[in-house]
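Accompanying notes for the structure given below.
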Amino acid sequence: MNIIARAAIALYDGSAMSPVFPTKINKPSDEAGEYLSAVAEKLMNSDGTRTTCVEPGGAQEELLKRFGYMPFAEAADTLLRAMDESMQALEIPREGFDLVVFSFDRDNEPHLCVAQLPYRRAVVHQLEEEDGVIATQLLAHGTVLPPPGGKVIAGFVVNLSTGDIRLRDTGVLTNVGNRQLFSEALFTMAATRTTKEVVQVVSEMISQAAPQMPDQELKPALKRAMAKSIEEKGVIDVQDVAEEVFRSDPEREAIIEEVSRQMQEERIEPQIPVENKRVVAQLQKVRIKTDNGISITLPRSLADDENSFAVVSNPDGTISIIINQVQELKTE
């Protein structure tokens, strides 16, 4: 199903006409709509995506608000040209990509996606036929768009009802140094972290608050506590995580207080929304590596089941890993 309502594509292909801004905007074909839908999903759900917003009352906020009360074609043209002017002023190279702006509904709320699609180099074949003579050849082609799930795609999706933005950015060189393309160069967005980055910072804070706890004990305990918090509350509640990890530690209250102090310094919210499915999947797995090269990945439910999995210390100082109740074993 093609959910894309309108799409405007500006071409920066290095041709004599570049940049090319569309003067007529229609609903994209089903194939193009499928591609753009996948781009939006990538921008909303990839590991490198973070939640942010534009600075209230700024020119960029007005550019986005236009899509709520102006015809799409007019609002898109204004937005594309405003971004082009910013690129010129900052001397950002304007070649080798498309800028696409498209609208769609999600959960009965209007959304807008702005994305940069950099061209990738590719080789395509060409077939020529004249007077029964067939010629084939290979041609270098530099304007092939990346796969919709590609890591090179940058941009953002804004919920036009709330103003919330899911951003996946990329760095560019400007005349004032290296900048993030969308959050610093073309727009002014609040400085925030991705879910993955926040989880990493919280893990480091808890580790620093209790340095006496060995990593081989702390890391699995942290993952287990975070996974439990997501399962019970739908978010990572940092205080609950700290209490779970250190529930048997006599210094628990002092440790939790230190974690709270560090969170205020780092400006991290006490409850972390987890919008990234991959982060959730990583917390639901346990990875074990041994010094002799063995690597095992287990579902957390299995690793936490004492009847199915156990780590045993032997009298000679070595460790044995026991996996019980296995019905089938495959060697690949």
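Residue numbers start at 1 and run along the sequence shown.
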*Under the side chain to side chain contact (heavy atoms under 4.5 Å, CB included) criterion, do E55 and Q60 qualify, and how do the steps go?*
CA-CA 8 Å; E55 292 295 332; Q60 292 91 353; over 6 Å; no
*asked:* Check for me, please, whether F102 and I25 land in the same ILVMFWY cluster - side-chain distances under 4.5 Å, paths through other members count.
replied: no
_salt bridge (charged side-chain N to carboxylate O under 4.0 Å, His left out): pairs with one or both residues in residues 102-128, sequence neighbours excluded_ = E41-R106
*Look up atom CZ in R81 and atom CD in E85, then write down how far apart they are to the nearest 0.5 Å.*
9.0 Å
*Under the ring pair (Phe, Tyr, Trp, His ring centres under 6.0 Å) criterion, do F67 and F72 qualify, and how do the steps go?*
CA-CA 6 Å; F67 287 90; F72 177 87; 5.6 Å; yes
*Enter the distance from I4:CD1 to S29:OG here, rounded to the nearest 0.5 Å.*
11.0 Å
*Do R179 and L90 come close enough that some side-chain heavy atom pair is under 4.5 Å?*
no
*Parallel, tilted or perpendicular for F182 and F156, by the 30°/60° rule?*
perpendicular
*Specify the closest pair of heavy atoms between H141 and T143, including all atoms of both residues, with the distance to one decimal.*
NE2-OG1, 3.4 Å
*CG on D77 to CE on M70, rounded to 0.5 Å*: 9.0 Å
_Walk me through whether L139 and V123 qualify under side chain to side chain contact (heavy atoms under 4.5 Å, CB included)._
CA-CA 6 Å; L139 300 175; V123 175; over 6 Å; no
*For the hydrophobic clusters of this structure (ILVMFWY residues joined by side-chain heavy atoms under 4.5 Å, transitively), does one cluster hold both L181 and M44?*
no
_Minimum heavy-atom distance between S229 and V241, given as atom pair plus value_ = CB-CG2, 4.3 Å
*Check whether more than 12 heavy atoms from other residues, nucleotides or ligands sit under 6.0 Å from atom CD of E62, and answer yes or no.*
yes
*Going by atom types alone, do D169 and S183 pair a side-chain donor with an acceptor below 3.5 Å?*
yes
_Membership question, hydrophobic clusters at under 4.5 Å side-chain separation (ILVMFWY): are I153 and M87 in the same one?_
no
*Looking at A32 and P28, what are the two nearest heavy atoms and their distance?*
CB-CB, 3.9 Å
_In the structure I gave you, are the side-chain heavy atoms of M83 and F187 within less than 4.5 Å of one another anywhere?_
yes
*Taking T78 for the side chain and E74 for the main chain, is one N or O donor matched with an acceptor at less than 3.5 Å?*
yes
*Taking atom CD of Q137 as the centre, report whether more than 12 heavy atoms of other residues, nucleotides or ligands fall under 6.0 Å from it.*
yes
*asked:* Main chain of R6, side chain of K27: is a donor-acceptor contact present, judged purely on distance under 3.5 Å?
replied: no
*Between Y69 and L112, is there a shared hydrophobic cluster once you connect ILVMFWY residues whose side-chain heavy atoms come closer than 4.5 Å?*
no
_From I134 atom CD1 to E129 atom CD, the distance as rounded to the nearest 0.5 Å_ = 4.5 Å
_Atom CD of residue position Q88 - does it have more than 12 heavy atoms of other residues, nucleotides or ligands inside 6.0 Å?_
yes
*Closest heavy-atom pair and its distance - A154, L43*: C-CD2, 3.9 Å
_Strictly distance-based, threshold 3.5 Å: is any side-chain N or O of Y12 a donor or acceptor partner for the main-chain N or O of R94?_
no
_Within the structure provided, determine whether V124 and L138 are in side-chain contact (heavy-atom separation under 4.5 Å)._
no
*About how many Å separate CG of L222 and OG of S207, when rounded to the nearest 0.5 Å?*
8.0 Å
*Write down the atom of E244, the atom of A225, and the distance for their closest heavy-atom approach.*
CG-CB, 3.7 Å
*Answer whether the closest heavy-atom distance between the side chains of E31 and E34 falls below 4.5 Å.*
no
*asked:* Donor-acceptor check, side chain of S86 to backbone of A82, threshold 3.5 angstrom: yes or no?
replied: yes
*asked:* Closer than 3.5 angstrom, by distance alone: can the side chain of D316 be matched with the main-chain N or O of T318 as a donor-acceptor pair?
replied: yes
*Minimum side-chain heavy-atom gap D84-P19 below 4.5 Å*: yes
_Is there a side-chain contact between S18 and L11 in this structure, where contact means two heavy atoms from C-beta onward sitting under 4.5 Å apart?_
no
_Regarding T49 and S46, do their side chains bring together a donor and an acceptor under 3.5 Å, going by distance alone?_
yes
*If you measure from CD on Q200 to CE on M205, what distance do you get to the nearest 0.5 Å?*
11.0 Å
*Looking at V172, L186, L99, which hits side chain to side chain contact (heavy atoms under 4.5 Å, CB included) with Q116?*
L99
_If we count only N and O atoms by modelled type, under 3.5 Å, do the side chains of T51 and R166 hold a donor and an acceptor together?_
yes
*Taking all non-hydrogen atoms of both residues, which atom of L167 and which atom of G155 are closest, and how far apart?*
CD1-O, 3.5 Å
*Side-chain contact test, heavy atoms from C-beta onward, threshold under 4.5 Å: evaluate it for P146 versus P118 and give yes or no.*
yes
*V100: which of L145, L117, L80 passes side chain to side chain contact (heavy atoms under 4.5 Å, CB included)*: L117
*asked:* When you group the ILVMFWY residues by side-chain heavy-atom contacts below 4.5 Å and let the links chain together, are I92 and F21 in the same group?
replied: yes
*Between K65 and E61, is any pair of side-chain heavy atoms under 4.5 Å apart?*
yes
*asked:* Tell me if a side-chain donor or acceptor on D13 pairs with a main-chain N or O of S15 at a distance below 3.5 Å.
replied: yes
*Counting N and O atoms only, with roles assigned by atom type, does the side chain of T52 sit under 3.5 Å from a partner on the main chain of I165, one being a donor and the other an acceptor?*
no
